Amino acid sequence: MKKRAIIATAVAFVLLLAVVAAGLNLVFTVSYMDVAFYAFSETGEREAVLLKEELDGFVGKSTTFLKQSDVEETVSKYPGFRLDGFHKKFPHTVEIKLSERRETYAFRSADGKYAVLDEAGNFLYDKDENANRTGGENILLDGFSFSVSAEGKTEGQYAERLAEVFSVLDKTFTAPRANVLGIRLERPASDLKNDLFCFVMREGVKIDLLNPSEKTAEKTRAALEKYLSLKDGERICGRITVADAGGDIKTEYSDRIYGE
């Protein structure tokens, strides 16, 4: 008898949970997906329409059990966008904020395509040409051996150092593509201390970061401070050289480029 009573109690409890869950699902059901998009390209605007249609597929689902990860999975189908906000406004509304990611950098993959990165250096997608969706080209990363992992992470020597460079560029310029055409890795010798990052600036001047594996962000900031201090006429030619001299960062500008 006692065993039957326990079983009956358990069954009753399960049925109660089912009734409560059904009641919650009935009361808290998504009837409106309030999606705010920030898109700045024609391609982004077209993708926003398609993405909104997919997100509207959550209408009729339980507000209670809808998870942010569900929305993230849908957004991931459109790598040109990122999820900036997710908020449930009970009982019937889900508020979502999305913004278009900026194509900024690109490197040539082993398959011949261009791997496109956003302003932080995160992988977006592959393209047949180095063409930015808003016009012009992305900043070309030349001479680097990079690959993209299954998780979409850029891997390879100097990948982390370049991430520091990207951060400084993003904080210094409103749009780095307006100032920088490309970043090239040059290896004049086998010793890594002789490596350098060469920035090809849009006006013509070049910037050399010597031994870029050391004090990368500090050297980049020093280089850009020197660049911004140049007069317009000085920016059309010459070279800025940034080196670590005895523990101190030294920046020099010459109006001539030797060896070219």
Side-chain angles (χ1 to χ4, degrees), residues 33 35 37-58 61 65-86 94 96-134 136-171 175-177 180 182-185 187 192 195 197 212-213 216-217 220:
M33 297 292 291
V35 184
F37 284 95
Y38 171 63
F40 49 82
S41 71
E42 292 183 3
T43 301
E45 291 174 355
R46 290 194 296 269
E47 290 179 349
V49 173
L50 298 175
L51 179 50
K52 178 61 167 61
E53 291 177 356
E54 291 210 35
L55 291 172
D56 283 342
F58 290 112
K61 305 293 184 180
F65 298 110
L66 178 62
K67 298 179 292 185
Q68 180 172 329
S69 59
D70 298 328
V71 174
E72 289 175 340
E73 184 177 352
T74 299
V75 175
S76 67
K77 300 176 185 177
Y78 298 83
F81 281 92
R82 63 169 167 261
L83 179 65
D84 290 330
F86 173 85
V94 177
I96 295 173
K97 293 182 179 180
L98 296 161
S99 60
E100 187 175 359
R101 299 165 67 185
R102 294 185 181 276
E103 293 183 1
T104 306
Y105 305 95
F107 65 87
R108 200 72 177 264
S109 302
D111 59 5
K113 293 182 178 294
Y114 289 93
V116 180
L117 314 178
D118 66 11
E119 65 273 19
N122 300 311
F123 176 73
L124 294 175
Y125 31 64
D126 290 317
K127 282 188 171 183
D128 292 327
E129 299 179 348
N130 182 23
N132 189 280
R133 61 165 65 190
T134 60
E137 295 184 336
N138 296 304
I139 297 172
L140 183 62
L141 307 177
D142 188 25
F144 299 91
S145 296
F146 291 146
S147 61
V148 178
S149 69
E151 294 75 27
K153 182 180 179 181
T154 303
E155 298 178 333
Q157 187 182 31
Y158 287 125
E160 293 183 1
R161 300 287 77 79
L162 275 178
E164 295 181 41
V165 170
F166 298 157
S167 177
V168 176
L169 288 173
D170 191 51
K171 292 176 182 177
R177 286 197 312 123
V180 186
I183 303 175
R184 183 171 66 245
L185 172 63
R187 321 196 79 166
L192 292 180
D195 286 358
F197 288 173
S213 60
T216 311
T220 305

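For clarity, every value in this text was computed on a predicted model and none was experimentally measured.
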Exercise. Just how far is it from atom OG1 of Thr154 to atom CG of Leu117, taken to the nearest 0.5 Å?
Worked result: 4.5 Å
Exercise. What heavy-atom pair brings Phe144 and Ile183 nearest, and what distance separates the two atoms?
Worked result: CE1-O, 3.5 Å
For this session: Would you check if the distance from the ring center of Phe123 to the ring center of Phe107 is below 6.0 Å?
Result: no
Exercise. So, the side chain of Asp70 versus the backbone of Lys67: is there a donor-acceptor pair under 3.5 Å, distance only?
Worked result: yes
For this session: Give the C-alpha distance, both sets of side-chain angles, the deciding distance and a yes or no for side chain to side chain contact (heavy atoms under 4.5 Å, CB included) between Leu50 and Tyr78.
Result: CA-CA 9 Å; Leu50 298 175; Tyr78 298 83; 3.5 Å; yes
Seminar exercise, completed: dist Thr104:OG1 -> Asp170:CG (nearest 0.5 Å) comes out at 7.5 Å
For this session: Determine the minimum heavy-atom distance between Tyr114 and Glu129, stating which atoms define it.
Result: CD1-C, 3.5 Å
Exercise. Below 4.5 Å, heavy atoms only, C-beta onward: do Phe197 and Leu162 meet side chain to side chain?
Worked result: yes
For this session: May I ask you to check whether over 12 heavy atoms, not counting those of Glu54, lie within 6.0 Å of atom CD?
Result: yes
Seminar exercise, completed: Between Asn138 and Val116, the two heavy atoms sitting closest are ND2-CG1, 3.9 Å
For this session: Please assess Thr220 against Glu164 for the test side chain to side chain contact (heavy atoms under 4.5 Å, CB included), listing each intermediate value before the final yes or no.
Result: CA-CA 9 Å; Thr220 305; Glu164 295 181 41; over 6 Å; no
Exercise. Should Leu185 and Leu141 count as side-chain neighbours, where that means a heavy-atom distance under 4.5 Å?
Worked result: no
For this session: Report yes or no: does Thr43 contribute a side-chain atom to a donor-acceptor pair with the main-chain N or O of Ser41 at less than 3.5 Å?
Result: no
Exercise. Heavy-atom distance under 4.5 Å between the side chains of Glu72 and Phe86, does that happen here?
Worked result: no
Seminar exercise, completed: Between the NZ atom in Lys127 and the CZ atom in Arg133, the distance rounded to the nearest 0.5 Å is 6.5 Å
Exercise. What is the distance from atom CZ of Phe37 to atom NZ of Lys97, rounded to the nearest 0.5 Å?
Worked result: 14.0 Å
For this session: Give the minimum heavy-atom separation between Asp84 and Leu98, together with the two atoms involved.
Result: OD2-C, 4.3 Å
For this session: Check for a donor-acceptor pair, side chain of Arg177 on one end and backbone N or O of Glu137 on the other, with a separation under 3.5 Å.
Result: yes
Exercise. Minimum heavy-atom separation for Asp126 to Ala115, with atom names?
Worked result: OD1-CA, 3.5 Å
Seminar exercise, completed: Rounded to the nearest 0.5 Å, the CZ atom of Phe166 sits from the OH atom of Tyr105 at a distance of 5.0 Å
Problem set entry | Taking every non-hydrogen atom, the tightest pair across Tyr38 and Phe81 | O-CE2, 4.1 Å
For this session: Report the distance from atom OG1 of Thr134 to atom CZ of Arg102, rounding to the nearest 0.5 Å.
Result: 8.0 Å
For this session: Would you check, one step at a time, whether the test side chain to side chain contact (heavy atoms under 4.5 Å, CB included) holds for Lys113 with Asp128?
Result: CA-CA 5 Å; Lys113 293 182 178 294; Asp128 292 327; 2.4 Å; yes
Exercise. Does Arg101 pair with Glu47 as a salt bridge, N-O distance under 4.0 Å?
Worked result: no
Exercise. Near Lys52 NZ, under 6.0 Å, is it more than 12 heavy atoms from other residues, nucleotides or ligands?
Worked result: yes
Exercise. For Asn122, does its backbone N or O pair with a side-chain atom of Asp118 as donor and acceptor, under 3.5 Å?
Worked result: yes
